[in-house]
Amino acid sequence: MVVTRFAPSPTGYLHIGGLRTALFNWLWARKNDGKFRLRIEDTDKERNKKEAVDAIIKAFDWTGLNYDGEIVFQSQREDIYKKYLNELLEKGLAYKCYLTKEELEAIREAKMKGEEPPIDIRKYRDFKGELDKPYVIRFKTPLSGKICFEDGVKGMQCVEANEIEDFVIARSDGSPTYNFVAAVDDHEMGMTDIIRGDDHLRNTFKQLLIYEAFGWNVPKFYHVPMIHNEKGSKMSKRDGAVDVMEYKREGYLPEALLNFLVRLGWSHGDQEIFSIEEMINLFDPKDINKAPSRFNKEKLDWLNSHYIKNSPNERLEKLLRDDFGIDIINHDKKEILIDELKERVKTLKEMAEEIDKILTPPKEYNEKAVKKFIKDEVISNLREFLVFLNDKDPKLPPEWADAMHEFLEMKQIKPKFLMPPLRIAMVGDTKGIDLAALLSVLGKEEVKKRIAGLIAKFEVF
RNA sequence: GUCCCCAUCGUCUAGUGGUCUAGGAUACCGCCCUUUCACGGCGGCGACACGGGUUCGAAUCCCGUUGGGGAUGCCA
């Protein structure tokens, strides 16, 4: 059985790159009828934030990625780690290191400069006694030989063992560290496939040594290239929306985001649109690309508009109400309004703003539009149209269209002397949804009111 | 500094030695549709980083250069 996982550290929101990693693991597990587990890597007490776990769960809920079993918190598994830690100590595969932070800093600085470190980092590797000083536990990496593994994305990966330093597996407060607990938990939780960012590629060698020390089976690793920002480097908070929930607030549909993310580093021929089912059927981590990709908003926008167009109105109405405070559920022309708008907007937020513009009488009129279309004879046309409307009762858009054309015919005037002005009267501008639909949505009384409003403002006595 | 990874249109990508005068998508531009703005339809612009090999033949294989990215923590 395939078992995958997503293992974030609770230091903040769910990152957009993290969501793609989670998606890949989720897809692979679902495709194979396997398990997708969620594990919170909270061994660093100083950095953990209480709200972060909630934020991550909320993001999972929103995107629809469901995990199997209980969430595993590493902070609750210290006993297990202690046991394995002692085992390594007893077997002589790990040792207590009494190097101070200052000494380590000096070593690190020298290494960066390319100089010979003043102290050997392995100083206490073969030290037999006990010192009455704080210590960390380091793993004894082999002094010679190669460490290799076959990466599912990048192929055979090898490193000289002596290039991997004796890494810390327990801090001076006794708590275990990432490379150690990740290996322990991946083994204990029965991971078969680990898909993660390629910033972990180096860590894999360390984790491999832990597997080897305990004689455990090694899972299959897939290191996927990072998602870069639009400039080509690692995404950070400065790049705008990196929090997954930010996309919800901006009016993106979760399936659009997922569709966008699955195509970053993975593809299936020329196909661009993937339903969740298709993703599950077609995804295979061995097809993941080696090159990093960049986040580009235009493509996301295009996908989002595609999914908005194809969403049932009912769903859109609910999202508009729940997420954007625009409640049109009881509006008698809501179908017309949504049908018109879903064809033209990129986000739900945009849709909400457009609805608001339509339903609220214009507070001001676009200057350029007024200059171009509102002339004295136009005002008198509108006045006559108001009278003309008294004997009419148009309701649906075609009826409004008929009414306008009849008026045009009767007066023998061109559309531009009635239609653009009407639109300006309704929303203050010349852009927007189909005019007949707009009039229909507003209804005869409101239309008359807004025409009168425009006349009052611009008529010359 | 050291180690590692990567390299096709601006961006996401197809492509696994001949079917490539390199395909799709997005963005951009133009035309059509249209009272407007969008949507949609049609068309256009636009790439194999460079230099050496290997081969009858290279976007595809090898080497180097350049460029970009990552790692180098008592973070994960």
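Every chain is numbered from 1, with letters handed out A, B, ... down the list of sequences. No hydrogens, no waters, no symmetry mates; every other heavy atom, side chains included, goes into these values.
You won't find any donor-acceptor pair under 3.5 Å spanning the side chain of A:T177 and the base of B:C74, going by distance alone. Between the side chain of A:R423 and the base of B:U35, at least one donor-acceptor pair of N or O atoms lies under 3.5 Å. Between the side chain of A:E272 and the base of B:G24, at least one donor-acceptor pair of N or O atoms lies under 3.5 Å. Taking only distance into account, the side chain of A:N203 meets the base of B:A76 through a donor-acceptor pair shorter than 3.5 Å.
The neighbour count for A:Y135 OH, taken as heavy atoms of other residues, nucleotides or ligands under 6.0 Å away, does not exceed 12.
Salt bridge A:E446/A:K333: absent, no basic N to carboxylate O contact under 4.0 Å.
Under the rule for a ring pair (Phe, Tyr, Trp, His ring centres under 6.0 Å), A:W400 has no partner lying at least two apart in sequence or in another chain.
Across all strands shown, B:G18 is found opposite B:C56 as a Watson-Crick or G-U wobble partner, with both distances under 3.5 Å. Searching all strands for a Watson-Crick or G-U wobble partner of B:G67 with both distances below 3.5 Å returns B:C6. Under the Watson-Crick and G-U wobble criteria, each requiring two contacts below 3.5 Å, nucleotide B:G40 is paired to B:C32. For B:U72, the paired base is B:G1 (Watson-Crick or G-U wobble, both distances below 3.5 Å).
Between A:F295 and A:Y247, the two ring planes are tilted [angle within 30° to 60°]. Note: A:F205 and A:F149 have perpendicular aromatic rings, judged against thresholds of 30 and 60 degrees for the angle between ring planes.
A:G232 comes within 4.0 angstrom of the backbone, heavy atoms only, and of no base. At a threshold of 4.0 angstrom between heavy atoms, the contacts of A:H223 with the nucleic acid are absent. Nucleic acid contact for A:L264: sugar-phosphate only, since backbone atoms but no base atoms lie under 4.0 Å from a heavy atom of the residue. At a threshold of 4.0 angstrom between heavy atoms, the contacts of A:D434 include nucleobase atoms, whether or not backbone atoms are also involved. Using a 4.0 Å heavy-atom cutoff across all strands shown, A:K309 reaches sugar-phosphate atoms only and no base atom.
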Set out, line by line, the N/O atom pairs under 3.5 Å between protein and nucleotides 2-6 of chain B.
| unit_1 | atom_1 | unit_2 | atom_2 | d |
| --- | --- | --- | --- | --- |
| B:C3 | O2' | A:E163 | OE1 | 3.4 |
| B:C3 | O2' | A:R202 | NH2 | 2.6 |
| B:C5 | O2' | A:K154 | NZ | 2.7 |

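Distances from the side chain of A:K299 to the nucleotides B:U35, B:A25, B:A76 place B:A25 closest. Taking only side-chain atoms of A:M419, from C-beta outward, the nucleotide of B:G1, B:U35, B:C75 with the closest atom is B:U35. Nearest nucleotide to the A:N289 side chain, out of B:C74, B:U11, B:A14: B:A14. Distance from the side chain of A:E41 is smallest to B:A76 among B:G70, B:C12, B:A76. For A:L104, whose side chain is taken as the heavy atoms from C-beta onward, the closest listed nucleotide among B:U11, B:C74, B:U35 is B:C74.
Atom C1' of B:G46 sits at a distance of 9 Å from the matching atom of B:G10, rounded to the whole Å.
Counted by atom type alone, A:N259 and A:Y307 present one or more donor-acceptor pairs between their side chains at under 3.5 Å.
Distance alone, capped at 3.5 Å, places no donor-acceptor pair between the A:S172 side chain and the A:P134 backbone.
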